[in-house]
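Read the structure below first, then the notes.
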Amino acid sequence: MEKREKIILVTGSTGFLGSAITQRLLVSGCRLRLLIRKRDNDISQISFGWESLIKERILGDQFDDYSQEQYRVVGERFNNDTSLQELFFSNVEIIEGDITSSSLGLEKQEYRKLCNEVEDVFHCAAVTHFEMQGADEHMDVNVRGTENMLQFANSGKQKRFHYVSTAYVAGQQNCIIYENEMVNEPLFNNEYERSKFVAERLVIEYAKSNDIPYTIYRPGIIVGDSKTGATCRFDNLYLFVKVLFNIKNSFIKRKSGDLNNITIRVPGDPDTLINLVPIDYVADAIVVILKKRESIGQIYHITNPNPPRLCELRDLVITLLKIKGMHVEIDRELEKQSLSAVEKLFLRQTRSYYSYLFSRLRFDDCNTQDVLKSTGIICPVMTTELITVLIDYAVSHNWGEEERAVLQNLHV
Ligand SMILES: NC(=O)c1ccc[n+]([C@@H]2O[C@H](COP(=O)([O-])OP(=O)(O)OC[C@H]3O[C@@H](n4cnc5c(N)ncnc54)[C@H](OP(=O)(O)O)[C@@H]3O)[C@@H](O)[C@H]2O)c1
């Protein structure tokens with residue numbers, strides 16, 4: 001008799017990482033319950049249906065050759081005529097709720113039913129921006145939301161709990177960070193880091209005292225797919241490149257075409273390691289680890305074992321943007337000096353990432369490499385070719401502007 005795959009509840013599946021994980025779980029034959037944030041607006045107005053819209057957001061154009069290939073592998077276990085659409089609609093149930101509400105915003109009966117059928121919880125939802133918007137948004141979603149998910153895991157059927165943390169729970173430390181529980185609270189760069197630290201600690205304490213098998217994943221800074229460049233987030237690396245790209249274009253437009261003698265100073269330590277990890281590596285690694293029994297009670301750094309230095313990234317980007325003659329100098333003490341209008345603009349637009357340009361963190365990823373050693377999954381090196389793929393995608397998708405406009409029009 002064919003073995004039935006487990007039912008996994010995924011939060012954050014409409015997001016960048018959650019959608020990549022959902023795609024992989026789906027093509028590997030898992031049955032999924034996706035807890036999607038409830039919308040205030042009347043979604044019945046959307047003619048092609050809410051579920052289709054969610055499907056588009058999750059599968060999108062990131063449903064690439066890799067996934068198609070994986071799908072063919074599991075396809076043999078399904079009827080060969082089953083289309084991807086059918087696979088989605090037959091193996092995925094969408095549940096509208098809110099992780100910040102007790103009982104996840106669900107009716108009692110629905111909550112109880114879900115508690116009794118789900119065997120794994122993959123908790124990926126979070127507020128991920130660094131700005132303070134509203135009093136307690138980070139604590140509310142990232143900490144109280146995680147607490148609600150833990151209570152869910154502790155009700156009904158026994159469940160495994162997978163929690164997506166971040167490598168940056170390490171805050172402002174300046175040493176090698178190992179894949180173990182962080183005992184002392186470090187200084188943090190922002191409320192996002194603090195809330196993720198508190199939530200991670202909560203997961204470990206709650207799971208230990210309630211005998212919930214847990215696994216924690218700590219990704220580095222996630223960028224687009226290493227083969228296609230596909231991404232739905234255009235922050236971190238993209239923001240810096242976009243600002244430089246715009247500065248170059250405005251010089252060209254104003255016909256001050258001679259970029260030869262222009263030097264722009266940007267803040268940072270040239271030797272800072274920027275831990276960029278492509279989304280396909282992060283999602284592939286997590287899905288392999290998630291299926292292992294040995295990963296219970298462990299923490300995994302899903303980070304780049306060979307991250308580029310800030311000055312190397314600068315050189316790659318300058319070559320790529322073909323900014324001949326425009327010099328970008330990385331200056332450790334920039335803020336103490338008087339700045340040109342362009343430098344002020346650069347600083348203003350990248351302010352929320354400022355502290356990461358001075359980070360002294362290095363991440364040990366022995367646990368992850370141990371699991372991945374015979375899988376062929378390796379973190380791609382940040383070469384000129386890879387950065388080109390990433391930036392080409394961003395430029396050809398106008399840094400995500402079109403998608404943002406579509407989503408705004410649909411009010412989703
Ligand atoms: N991106 C990175 O570089 C990075 C690095 C390290 C760790 N991480 C961690 O990875 C996880 C995913 O990050 P991401 O980059 O994929 O973030 P993202 O694109 O911003 O997605 C966040 C997801 O959380 C959902 N969500 C937010 N509030 C919710 C609520 N109250 N109820 C239900 N769902 C809610 C969002 O739903 P909506 O679609 O409704 O907004 C979305 O699906 C997070 O835990 C983050 O801390 C990310």
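When a ligand or atom number is given, it counts from 1 through the structure's own listing order.
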Checking a contact table here: which protein heavy atom is nearest [atom], and how many Å away?
atom: atom 19 (O) of ligand 1; value: F16 N, 2.9 Å
atom: atom 15 (O) of ligand 1; value: R233 NH1, 2.8 Å
atom: atom 46 (C) of ligand 1; value: Y192 OH, 3.3 Å
atom: atom 34 (N) of ligand 1; value: A125 CB, 3.7 Å
atom: atom 3 (O) of ligand 1; value: I222 N, 2.9 Å
atom: atom 7 (C) of ligand 1; value: S165 O, 3.2 Å
atom: atom 43 (O) of ligand 1; value: T14 OG1, 2.7 Å

**Report entry** Axial cation check for Y354 ring with R351, 6.0 Å and 45° limits
**Finding:**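 Satisfied, under 6.0 Å and within 45°.
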
Query raised in the report: Can the positive tip of K196 be found less than 6.0 Å from the middle of the six-membered ring of F188, inside 45° of the ring normal?
Result: no

Query raised in the report: Under a 4.0 Å N-O cut-off, is there an ion pair linking E185 with R194?
Result: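 Yes, charged N to carboxylate O under 4.0 Å.
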
Report task. Say whether, by atom type as modelled, one donor and one acceptor occur between the side chain of R33 and the main chain of V118 under 3.5 angstrom. Result -> no

**Report entry** Atoms in ligand 1 with a heavy atom of G220 nearer than 4.0 Å
**Finding:**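 So the answer, numbered in order with elements, is 3 (O), 5 (C), 6 (C).
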
For the 3.5 Å polar cut-off, considering only N or O atoms, please tell me whether [X] and ligand 1 meet it.
X: G15; answer: yes
X: I36; answer: no
X: I221; answer: no

Query raised in the report: Can you tell which part of I99 has a heavy atom less than 4.0 Å from ligand 1: side chain, backbone, both or neither?
Result: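 Near ligand 1, I99 shows its backbone as well as its side chain.
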
Query - Structural part of R218 in contact with ligand 1, heavy atom criterion under 4.0 angstrom - result: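 Looking at R218 and ligand 1, no heavy atom falls under 4.0 Å.
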
Requested in this report: Assess the pair Y356 and Y168: is the distance between their ring centroids shorter than 6.0 Å?
Outcome: yes

Query raised in the report: L26 versus V92: any side-chain heavy-atom pair under 4.5 Å?
Result: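 Result yes, sub-4.5 Å side-chain heavy-atom pair found.
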
